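Just so you know, ligand 1 is whichever comes first in the structure, and atom 1 is the first atom listed for that ligand. Just so we're clear, the structure is a prediction, and the values are computed from it rather than from any experiment.
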Amino acid sequence: MRQSIWKAAAQKISFPSLNENISTEIAIVGGGITGVTAAYLLARSGRKVVLLEAGTISGGTSGDSTGNLYAMVDKRLHHIQSKWSKETAANVARSRGEAVNLVEELVKRHQIDCSFKRVPWYLFSETEKKDRTIEKEIEAAAHYGLPVEELHELPLPIKVSTAIKADGQAQFNPAAYVKGLAEKIDSTNCRIFENSEVYHIEKEEELVLSTAKGTVTAQKVILATHTPKGIYGLQTALYPYREYAIAARLNSGDFPDGIYWDTEADFHTSMRTYRKGNDNYVLVLGGHHKVGQEDDYNRFYRKLEQNARRYFDVADIEYEWSAQHYKPADGLPYIGESSDDNIYIATGFSTDGLTYGVLSAMILDDQLNGRKNPWSDLYKASRFTPVKSARNFIKENINVAKQYLKNLPGKAEAESFDEIAAGQGKVVEVDDEKWAVFKDENGQVHCRSAVCTHMDCIVDWNDAEKSWDCPCHGSRFKATGEVIEGPAFSPLDKRNT
Ligand SMILES: Cc1cc2nc3c(=O)[nH]c(=O)nc-3n(C[C@H](O)[C@H](O)[C@H](O)COP(=O)(O)OP(=O)(O)OC[C@H]3O[C@@H](n4cnc5c(N)ncnc54)[C@H](O)[C@@H]3O)c2cc1C
């Protein structure tokens with residue numbers, strides 16, 4: 001099934017869609033872990049809040065994640081230390097640890113049924129080549145007071161050279177948690193609307209958010225949309241990647257819960273266990289690439305299955321899915337007021353955003369209540385870090401500049417609609433214009449402009465997800481042109497044959 005194991009299993013709740021014009025103090029756009037936690041905290045502190053979600057609560061990346069919560073970071077703490085400082089890396093670990101504690105506190109207080117449990121985190125090398133990475137992370141983690149130990153065996157059937165284990169991290173079902181928390185938000189202070197996509201924000205004396213059937217006028221807006229919607233200079237420092245996941249049902253093997261990360265550079269994978277009913281699963285994630293820049297998207301699923309079968313007695317691959325993340329240029333997320341007055345953002349989480357999303361909500365709750373937050377300067381959205389950002393900034397923006405070459409004449413994938421198979425899409429040149437043409441299973445052709453409505457890059461057909469993906473800033477559109485995710489507000493423009 002091409003759906004995450006969490007989304008398939010999470011309880012159904014539903015909120016109405018917006019059908020009127022209303023006013024509030026704070027409008028939150030996005031009902032993932034960031035938006036829902038921010039709504040919970042702000043409503044708890046007495047602020048009037050409206051949350052607008054384009055689809056359903058936790059229907060974005062949060063519901064497609066692995067469900068791991070940890071103080072460490074995907075990029076490794078020792079990298080943060082060498083790019084920034086020991087103190088910064090220590091503060092990253094501390095602030096993230098506090099966010100994990102908040103999740104645990106809320107799960108306990110509200111009895112949220114989301115399989116939350118404290119588990120160990122492991123980082124391992126399969127060959128001696130990567131042992132130095134492990135050693136550096138052990139040194140860094142020990143320095144920050146994290147409870148680490150060195151191992152040479154894992155409780156999984158994987159032969160390792162060296163591993164680091166840190167107790168006290170956590171796991172849950174992210175979709176069940178976000179939905180469960182949304183139900184516990186103080187409804188006297190917060191109204192939640194699903195299926196209410198914001199397609200425009202007008203910056204008047206106050207901010208006016210437009211949806212199809214109503215508007216919300218607010219003094220402050222939080223864009224909890226994973227990446228900010230619209231055009232922001234910050235987007236030159238945010239790099240969109242896709243990553244793949246499978247949930248393999250096991251014939252045999254009942255392994256201890258934990259977060260297991262390998263250090264392989266070419267196909268880094270993360271694994272975790274999960275029990276659903278009487279079945280044991282192993283989730284295997286990995287294989288990231290820049291959005292819209294692949295020839296064979298399905299190859300990642302095949303490689304993950306191969307990896308799973310190499311180590312485990314796999315019955316079948318019951319779920320497979322992919323999701324997006326945004327890497328920040330200088331290694332830290334951007335949280336706080338954006339370059340637009342009264343619009344707050346929380347983005348650049350890489351694959352660590354369940355914890356960073358909760359941390360963002362804690363920071364924004366303090367900021368919007370006029371309280372000092374110990375971490376707000378560290379993650380300030382308006383920071384300028386040219387030296388720390390330079391390497392990624394230059395590499396990624398040269399890559400973006402190259403994508404714009406696809407706008408030139410003669411760079412289409414097909415010359416006629418006949419070259420497109422049923423269920424597939426191709427970029428076709430029609431009257432000197434690039435069209436995104438999708439042929440559905442009945443042979444009906446759907447034509448849209450191939451020019452991304454965010455910043456005019458040419459979109460790419462993603463054969464695994466049946467979507468049009470923008471290789472510049474990560475906007476994604478359905479085969480028929482509607483926005484799925486990313487910074488674009490508007491669908492691909494319609495074209496008639
Ligand atoms: C494969 C993968 C695995 C991951 N695993 C982990 C993990 O184990 N641990 C971890 O810490 N992090 C993980 N991450 C990262 C983490 O999932 C994300 O950083 C986090 O979920 C982001 O949460 P969010 O609430 O900011 O965004 P989302 O969950 O994406 O929520 C944003 C919401 O905004 C809505 N929205 C967008 N545009 C509009 C609009 N115009 N109007 C209204 N609503 C709108 C969307 O529909 C969506 O529901 C993983 C990422 C990937 C790709």
Short N or O distance, G353 and ligand 1, threshold 3.5 Å exclusive: yes

Using heavy-atom distances, let me know which of T34, I28, L209 sits nearest atom 26 (O) of ligand 1. T34

Would K327 count as a cation-pi partner of Y241, with NZ or CZ less than 6.0 Å from the six-membered ring centre and within 45° of the ring normal? yes

Heteroatom proximity flag, L354 to ligand 1, N/O under 3.5 Å: yes

Hydrogens and angles aside, do E243 and H289 bring a side-chain donor and acceptor to less than 3.5 Å of each other? no

Tell me the contacting part of A224 for ligand 1: side chain, backbone, both, or neither, using a 4.0 Å heavy-atom threshold, strictly below. backbone

Under 4.0 Å from ligand 1, counting heavy atoms only, is it the side chain of Q324, its backbone, both or neither? backbone

T351 to ligand 1: N or O pair under 3.5 Å? yes

Regarding ligand 1, does E197 bring an N or O atom to under 3.5 Å of one of the ligand's N or O atoms? no

Ligand 1 atoms in contact with A323 (distance to a heavy atom under 4.0 Å): 53 (C)

Is the positively charged end of R2 above the ring of Y301, judged by distance under 6.0 angstrom from the centroid and angle within 45° of the axis? yes

Please evaluate residues W375 and R94 with respect to the criterion side-chain contact (heavy atoms from CB on, under 4.5 Å), reporting the C-alpha separation (whole Å), side-chain torsions for both, the decisive distance (0.1 Å), and the verdict. CA-CA 10 Å; W375 323 113; R94 271 188 218 118; 3.9 Å; yes

So, S210 versus E202: side-chain donor-acceptor pair below 3.5 Å or not? no

Within the 4.0 Å heavy-atom cut-off, what L285 brings close to ligand 1 is side chain

If we check salt bridge (Lys or Arg N to Asp or Glu O under 4.0 Å) with D330, which of these qualifies: R383, K380, K75? R383

Atoms in ligand 1 with a heavy atom of N68 nearer than 4.0 Å: 7 (C), 8 (O), 9 (N), 10 (C), 11 (O)

